[in-house]
Structure formats: C-alpha cells, structure tokens
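Position 1 is the first residue of the sequence; numbering continues from there. First listed ligand is number 1; within each ligand, the first listed atom is number 1.
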Amino acid sequence: MAILVQKFGGTSVANAEKIRRAAQRALQAHKEGYQVVVVASARGKQTDHLIADAKELNDAPPRREMDMLLATGEIQTVSLFAIALWDMGQKAISFTGQQAGFMTDDAHSKARIERLEVGRVRGMLDEGHIVIVAGFQGINAVGDITTLGRGGSDTSAVALAAALGAERCDIYTDVDGIYTTDPRIYTKAVKMEQISYDEILEMANLGAGVMHGRSIEFGKKYNVPIYVRSSLNDNPGTLITHEVPHMENILVSGATIQRNLAKITLLGVDNKPGNAATIFAHLASKRVSVNDIIQTEVSAEKANLSFTVAHSDLDVARQAITDIRSQVHCSSVAVRDDLAEVSVVGVGMQSHYGVAEKMFTALAHKQINIDSITTSEIRISCLVNLEQAETALIAVCDAFELDKPAAERQV
Ligand code: ADP
Ligand code: ASP
Ligand code: MG
C-alpha cells in the first residue's frame with residue numbers, strides 16, 4: 001500500500017474547524033487507498049506565545065527548557081487531530097517526536113535528526129490507523145526533548161516520508177505554493193508550478209520561510225517528491241523536484257529577504273595561516289551557525305574578518321569572539337544587528353552574464369547602499385540596511401520581472 005505524508009502548518013490547524021478540515025483531507029486520502037501519516041505544527045501562533053511566556057520569566061531562557069516548553073505546542077495539535085478523526089469514525093493515533101522514533105543530536109533549539117526508527121509508525125499504519133506525528137521535535141541520546149529550529153515541522157515530515165518510502169510528501173500551508181518571492185511583501189509575485197531542490201534549498205536557507213531548509217536536503221537526498229499547496233483551497237501547488245523544464249534558461253527563479261541577521265566584524269586580526277581556522281573552529285564548538293564570511297587583507301600583517309549569524313545566535317557568537325579575541329590579536333570588534341540580506345537565486349545564472357550588474361543597478365536606482373555582497377554559483381546576496389530591505393526586495397523583483405511567469409520574462 002502506498003504511503004502519503006501530509007504536513008499541516010500552524011495556520012492550517014489554528015482552530016477546531018481547521019483541524020476538522022485537515023482531518024477530512026487525511027481521511028479522504030485514506031479512503032483513496034493510501035496509508036496516511038500526518039505531521040502537524042503547533043496551532044496558529046502557539047509557538048510564539050510560548051516563547052513570549054518564557055521571556056516574561058527570563059530574558060535568556062535555557063535552551064533545554066525552551067525545547068520542553070515548545071514541544072507541548074505540537075503535542076496539543078496531534079492529540080486534537082486524532083480526537084477529530086475518531087469522531088469521524090476513523091482509527092487514529094497521535095505520537096510525540098520520541099514515540100515516532102525521531103532521534104536527534106543534542107543541539108537544543110536547532111537539533112539535527114540522526115536516526116529515525118519508524119517501526120511503531122509502520123505497525124500502526126498496518127493496523128489501519130491514520131498516524132499523526134508531532135513535528136519539530138525529537139529526543140537526544142540521554143532522553144531529553146529537542147527541537148529542530150523554527151519551521152522544523154517541514155523537516156519532520158520529509159524525513160518521515162523518506163524513512164517510510166512514501167510516494168509523496170504534501171506540505172499544506174497558508175499560500176497556494178512557492179512563489180517567486182514572499183507574496184506578503186511583493187504582492188505581484190507569481191506561483192511556480194515546479195522548482196528544483198537546489199533552488200528552493202538556496203531560497204530556504206536565504207530566508208524564504210515557506211520551507212525549512214533541512215527538509216529540502218532530505219527530499220533531495222532520498223528522492224521524495226514534495227508538493228507545497230494550500231490547506232484552504234484545492235488550487236494546484238508547487239512540485240519540488242530534481243529537474244524543471246528549461247531551468248537553464250531562467251536567469252533568476254526567485255528572490256528572498258532575510259531579516260534577523262547580525263554582522264560581526266573582527267578588525268585588525270593577524271594576517272597569518274590558521275587564524276580563520278581558530279576563529280571558526282571556536283564558533284563551531286559553540287554551535288554557532290555562520291552564514292556568509294568575508295575576509296579582506298588590510299596590510300601584509302593585518303586583515304579584517306566579517307561574518308553573519310542569525311540574531312538567535314548573536315549572544316553566543318559575541319561571547320565566543322570575546323573568548324578568543326586576544327589569541328588572534330584582534331584590535332576591535334564591531335557588531336551590526338540592523339541589517340538584512342536580499343538575494344536572487346537561479347540555476348540559470350551559472351551560464352549567463354549581467355545578473356550582478358542588473359541587481360546592483362536596481363538597488364542604486366532606489367538609493368540603497370550595499371553593505372557587502374556574497375555570491376555562489378546560483379545566487380547573489382546583498383546586505384542592506386534593515387529599513388530599506390523591503391524596498392530593495394521589491395526593486396530587485398521588478399528588475400528581474402518576478403511578477404511574470406518564467407516563460408514571459410524578457411530578462
Ligand atoms: P506554515 O505554518 O504552514 O509552515 P509558514 O508561515 O512557515 O507556514 O510558511 C508560509 C509563509 O511563507 C507564507 O505565508 C509566506 O508569507 C512565506 N513565504 C516566504 N517566501 C515565500 C515564497 N517564495 N513563496 C511562498 N511563500 C513564501
Ligand atoms: N511550531 C514550530 C514553529 O513555529 C515548528 C513549525 O511550525 O514548523 O516554528
Ligand atoms: Mg513553516
């Protein structure tokens with residue numbers, strides 16, 4: 001029997017009526033002959049509310065305790081979901097991450113899945129249940145609850161689909177699919193019928209919150225087709241797959257904005273082999289995820305080194321740099337937490353000229369100053385002032401005609 005994984009995000013299970021509607025979708029797939037696994041997120045803004053509750057008591061709550069707290073959000077949803085299915089006459093069982101077999105490392109608040117033991121899920125499916133799994137959570141080697149990072153339920157769903165050999169993983173959310181950019185900011189954005197794993201992975205890691213980046217890594221590695229669609233209607237969504245027709249001809253497929261970024265600059269560090277390794281090894285030992293790194297030589301003896309981190313890692317990163325500052329002879333440290341990164345992404349830019357020029361011109365026309373630039377084969381990113389970031393995104397989307405389907409673009 002084919003297995004289908006359906007993931008419902010927070011807005012899709014925000015209240016009783018929405019849970020019932022989501023449960024009906026699961027039941028429908030079951031009636032069509034699928035074994036159905038549902039992965040659910042916390043209801044509505046429940047995760048944000050729990051974070052606010054903790055912050056009322058402690059500005060810097062311990063990450064282990066936050067994981068205990070936040071995991072309760074998803075547990076509420078899955079039990080309610082099962083309760084709704086039983087009311088429809090359907091056998092159903094809810095599982096926490098641990099019960100579903102999610103074994104992770106011990107990086108509280110951003111744990112990575114190490115193993116998935118799906119025996120119990122399989123057993124319940126074979127007995128005719130719809131299985132509902134709490135997304136975003138797992139358990140570490142000593143039995144403590146961990147969470148996978150904000151938006152991590154997507155990763156729970158795709159990882160389960162991979163482990164179970166599911167036919168597909170459907171991601172039900174509050175938009176009709178993946179758009180050229182966030183449609184809440186650029187209302188003219190258009191929906192894509194298909195997108196490649198590589199492009200959406202890059203977009204997700206650069207701030208496109210519609211999918212959790214790690215989920216795409218699982219999908220690509222284990223060949224799970226992922227279909228992103230709305231839980232509110234039956235419009236066609238976006239299929240994430242390996243190859244998209246004519247993708248080499250599309251210069252820029254999408255654009256992203258990443259807020260909550262901070263840039264740390266170490267000024268005047270010794271310009272000698274091994275210094276960068278010392279700095280980044282220390283940051284890694286403190287589990288800081290570093291985004292972009294820029295090093296510039298200022299003289300034969302000295303260099304400046306900048307890197308960006310998420311705001312959530314800023315305090316730990318700042319402390320880590322203080323620890324080793326004297327070791328690398330850094331003369332001063334500068335921190336900016338009022339920046340955002342705007343990026344364009346496209347597999348096609350590997351074989352075309354002029355993408356960077358077009359992006360910089362669009363920003364210049366809006367008088368937007370670029371703090372720094374980073375590139376890869378399939379993306380160009382500019383750090384800009386936070387208050388100009390949305391204007392920057394809109395300007396870039398207009399320049400690359402991201403308001404038109406790819407086939408109609410002149411650029
Ligand atoms: P869920 O709770 O269902 O996981 P999310 O809020 O995590 O939903 O993700 C959906 C949101 O992602 C959309 O409402 C939209 O504002 C945002 N988003 C950002 N970039 C994109 C994009 N390129 N395409 C579609 N949605 C995007
Ligand atoms: N509830 C978690 C969050 O809000 C996980 C998720 O929604 O995917 O980040
Ligand atoms: Mg999400």
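- For Asp198 and Lys220, the salt-bridge test passes: some basic side-chain N is under 4.0 Å from an acidic carboxylate O.
- A salt bridge is defined here as a Lys NZ or Arg NE, NH1 or NH2 lying under 4.0 Å from an Asp or Glu carboxylate O, and Asp234 with Arg229 meets this definition.
- Heavy atoms of Glu74 approach ligand 2 to within less than 4.0 angstrom.
- Of the protein's non-hydrogen atoms, the one nearest atom 7 (O) of ligand 2 is Ser41 OG, 3.2 Å.
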Short N or O contacts of ligand 1 with protein, under 3.5 Å, listed by atom name?
from, atom 1, to, atom 2, distance (Å)
ligand 1, 2 (O), Gly10, N, 3.2
ligand 1, 3 (O), Thr173, OG1, 2.7
ligand 1, 4 (O), Lys7, NZ, 3.0
ligand 1, 7 (O), Gly209, O, 3.4
ligand 1, 8 (O), Thr173, OG1, 3.1
ligand 1, 14 (O), Asp174, OD1, 2.9
ligand 1, 14 (O), Asp174, OD2, 3.4
ligand 1, 14 (O), Arg184, NE, 3.3
ligand 1, 14 (O), Arg184, NH2, 2.6
ligand 1, 16 (O), Asp182, OD1, 2.8
ligand 1, 16 (O), Asp182, OD2, 3.4
ligand 1, 16 (O), Arg184, NE, 2.9
ligand 1, 23 (N), Tyr179, O, 3.0
ligand 1, 24 (N), Tyr179, N, 2.9

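- Under 4.0 Å is where a charged nitrogen must lie from a carboxylate oxygen, and between Asp182 and Arg259 no such pair does.
- By the 4.0 Å N-to-carboxylate-O rule, Arg184 lies close enough to Asp174 to be salt-bridged with it.
- Ligand 2 places these atoms under 4.0 Å from at least one heavy atom of Gly151: 3 (C), 5 (C), 6 (C), 8 (O), 9 (O).
- Between Asp315 and Lys286, none of the side-chain N atoms (NZ, or NE/NH1/NH2) sits under 4.0 Å from a carboxylate O, so this pair counts as no salt bridge.
- Ring pair Phe81/Phe8 is tilted by interplanar angle, where 30° to 60° counts as tilted.
- The parts of Ser153 lying near ligand 2 are both backbone and side chain, judged by heavy-atom distances below 4.0 Å.
- Residue contacts with ligand 2 include Gly152, since one or more of its heavy atoms lies under 4.0 Å from the ligand.
- Judged by distance alone, the side chain of Thr72 and the main-chain N or O of Met68 form no donor-acceptor pair under 3.5 Å.
- Looking at Asp313 and Lys110, a side-chain N of the basic residue comes within less than 4.0 Å of a carboxylate O on the acidic one, giving a salt bridge.
- Which parts of ligand 2 touch Arg150 is read off a 4.0 Å heavy-atom cut-off, strictly below it: atoms 3 (C), 4 (O), 9 (O).
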